[in-house]
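Following: one structure in C-alpha cells, then a few remarks.
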Amino acid sequence: MPTHRFPRPGARPAAIAAAALALSLALTACAGPADPGSASPDTALSHIHGVGLRDGVLYVATHQGLHSPGPDGRPVLVGDRRDDFMGFTIAPDGTFLASGHPPPGGDGPADLGLIASTDSGRSWREKSLAGEVDFHSLDTSGGTVYGYDSARARLRVTRDQVTWEDRASLRALDIAVSPADPGTVLATTERGVVRSTDGGRTFSAGNGRILAHLSWGTADALYGIDPDGVLFRSADGGGDWTRVGAVPGGAPQALTAVDARRLLVATGDGVYESRDAGHTFERRMAVASGEEHH
C-alpha cells in the first residue's frame with residue numbers, strides 16, 4: 001500500500017479532505033483482483049496480506065503462498081501451494097482460513113472463495129464460494145466468520161463457513177471483530193474507523209481517525225496502524241486512541257494482535273514482532289518490498 005500522510009482528528013477540513021482522497025485511491029486499488037503473475041516464485045517475497053502465529057510459529061500469507069521463517073530468518077514455503085492469499089486469519093481453534101487467487105497456470109477457479117487448513121497450511125480444502133469471491137480481509141469471533149468482498153464492496157458473514165449472508169455495503173481496507181462480541185465489527189475507511197454493533201448490517205459514521213489496519217488482541221486491547229506505520233492502541237473498542245509509536249520498515253501491509261501485548265506487523269522490509277504492546281519490535285522475517293496490488 002502506498003505511503004500517505006494523514007492529519008490528526010481536528011485538522012483543517014482541507015487537510016482531512018486530502019487524506020480521505022488519498023485513502024479513497026488506495027481503496028479503489030483494492031477493489032480489483034491481484035495479478036498472480038506479477039512476481040516470480042523465485043523472487044523475494046512481497047505483497048504480504050496477513051500474518052499469524054500458531055504454536056509459536058510465524059505464518060505469513062503473501063502474493064506467493066504461505067511462508068514461515070527458516071533458521072536464518074528467510075521465508076520458507078509452507079506446503080506446496082503458491083496461491084495469492086489476499087485474505088488470511090487463524091481462528092481461535094487453530095484453523096487457518098484464507099481467500100485469494102491461484103498462481104498462474106493453476107487449476108481451479110480464478111477466485112478461491114473461502115478455503116481452510118487444519119494442518120497449519122500444509123494442505124487446504126475448499127469450504128465455499130469458489131469461483132465467486134476473493135475476500136481481502138477475514139476475521140472471526142465466537143464461531144462467526146466475517147469476510148470483506150472487495151470486488152463488490154460488501155461485508156459477508158457465515159456461521160458454518162458454507163452459507164453466507166450479505167451485510168452492509170462499504171469501501172474498506174480492513175475489518176476487525178470484537179473477541180468479546182461477534183456482533184461488533186470495525187472497518188477502516190476513508191471516513192475513518194467505522195463501527196457496527198449489529199453484526200455488520202449498519203455502520204456508524206467514521207470517527208476521523210484514519211487507520212489502514214486493525215486487530216483486536218483482547219476486548220480491551222484494540223490496535224490500529226496508520227498508513228505511515230504509526231501504531232495506536234484503544235482500550236474502549238475504538239472510541240479513544242493512544243499513540244504507541246512507529247513500527248520499523250515503513251508503510252504497513254498487515255497487522256495481527258496475538259494478545260494484549262504480542263503483535264505482528266508486516267511492513268515494507270519484513271515482518272516484525274513485539275512482545276511489549278508495540279513499544280519495541282524485532283524483525284522475525286525479511287521480505288522485499290514490491291509494487292502493491294491490494
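Here, residue 1 is the first one in the sequence, and each next residue gets the next number.
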Are side-chain heavy atoms of L263 and L231 found at a separation under 4.5 Å? yes

More than 12 foreign heavy atoms under 6.0 Å from CG of D80: is that the case here? no

Test item: S204 side-chain N/O and R195 main-chain N/O as donor-acceptor pair under 3.5 Å: yes

Using atom types as modelled and distance alone, determine if a side-chain donor or acceptor of Y223 lies under 3.5 Å from a backbone N or O of A260. yes

Over all heavy atoms of both residues, which pair between T267 and Q253 is shortest? Give the atoms and the distance, please. O-NE2, 3.7 Å

What's the verdict on salt bridge (Lys or Arg N to Asp or Glu O under 4.0 Å) for R284 and E282, showing C-alpha distance, side-chain angles and the deciding distance? CA-CA 6 Å; R284 291 284 309 275; E282 176 185 0; over 6 Å; no

Between the NE2 atom in H279 and the CG atom in D276, the distance rounded to the nearest 0.5 Å is 6.0 Å

Quick check: does any side chain N or O of H63 sit under 3.5 Å from a backbone N or O of D84, one acting as donor and the other as acceptor? no

Supply the atom-to-atom distance R122 CZ to L66 CG, rounded to the nearest 0.5 angstrom. 10.5 Å

Closest approach of P182 and V185, non-hydrogen atoms and distance? O-CG2, 4.4 Å

Taking transitive links into account, so neighbours of neighbours count too, which hydrophobic residues share a cluster with V145 at under 4.5 Å side-chain distance? L97, L114, L129, V133, F135, L138, W164

If only atom types and distance count, is the side chain of D111 paired as donor or acceptor with the main-chain N or O of G113 below 3.5 Å? no

Is Y148 reaching over with its side chain to a backbone N or O of D139, donor-acceptor style, under 3.5 angstrom? no

Can you tell if the side chain of F85 reaches within under 4.5 Å of the side chain of W124, non-hydrogen atoms only? yes

Under a 4.5 Å cut-off applied to non-hydrogen side-chain atoms, are L155 and Y146 in contact? yes

Rounded to the nearest 0.5 Å, what separates atom CD in E273 from atom CZ in R262? 4.0 Å

Residues D181 and S178: side-chain donor-acceptor under 3.5 angstrom: no

Exam field: side chain R283 to backbone D269, donor-acceptor pair closer than 3.5 Å: yes

Going by an N to O cut-off under 4.0 Å, is there a salt bridge joining R152 and D149? yes

Sort out for me which residue in V244, D240, L222 forms a side chain to side chain contact (heavy atoms under 4.5 Å, CB included) with R233. V244

So does D174 get a backbone contact from the side chain of T188, meaning a donor-acceptor N/O pair under 3.5 Å? yes

Side chains of F232 and V193: does their closest heavy-atom pair fall under 4.5 Å? no

pair T140-T89: side-chain heavy atoms closer than 4.5 Å: yes

Supply the atom-to-atom distance S150 OG to M86 CE, rounded to the nearest 0.5 angstrom. 6.5 Å

Rounded to the nearest 0.5 Å, what separates atom OG in S234 from atom CH2 in W241? 5.0 Å

Taking C-beta and beyond as the side chain, do V265 and H213 meet within less than 4.5 Å on heavy atoms? no

Distance col, row R81:CZ vs S123:OG, nearest 0.5 angstrom, shows 9.0 Å

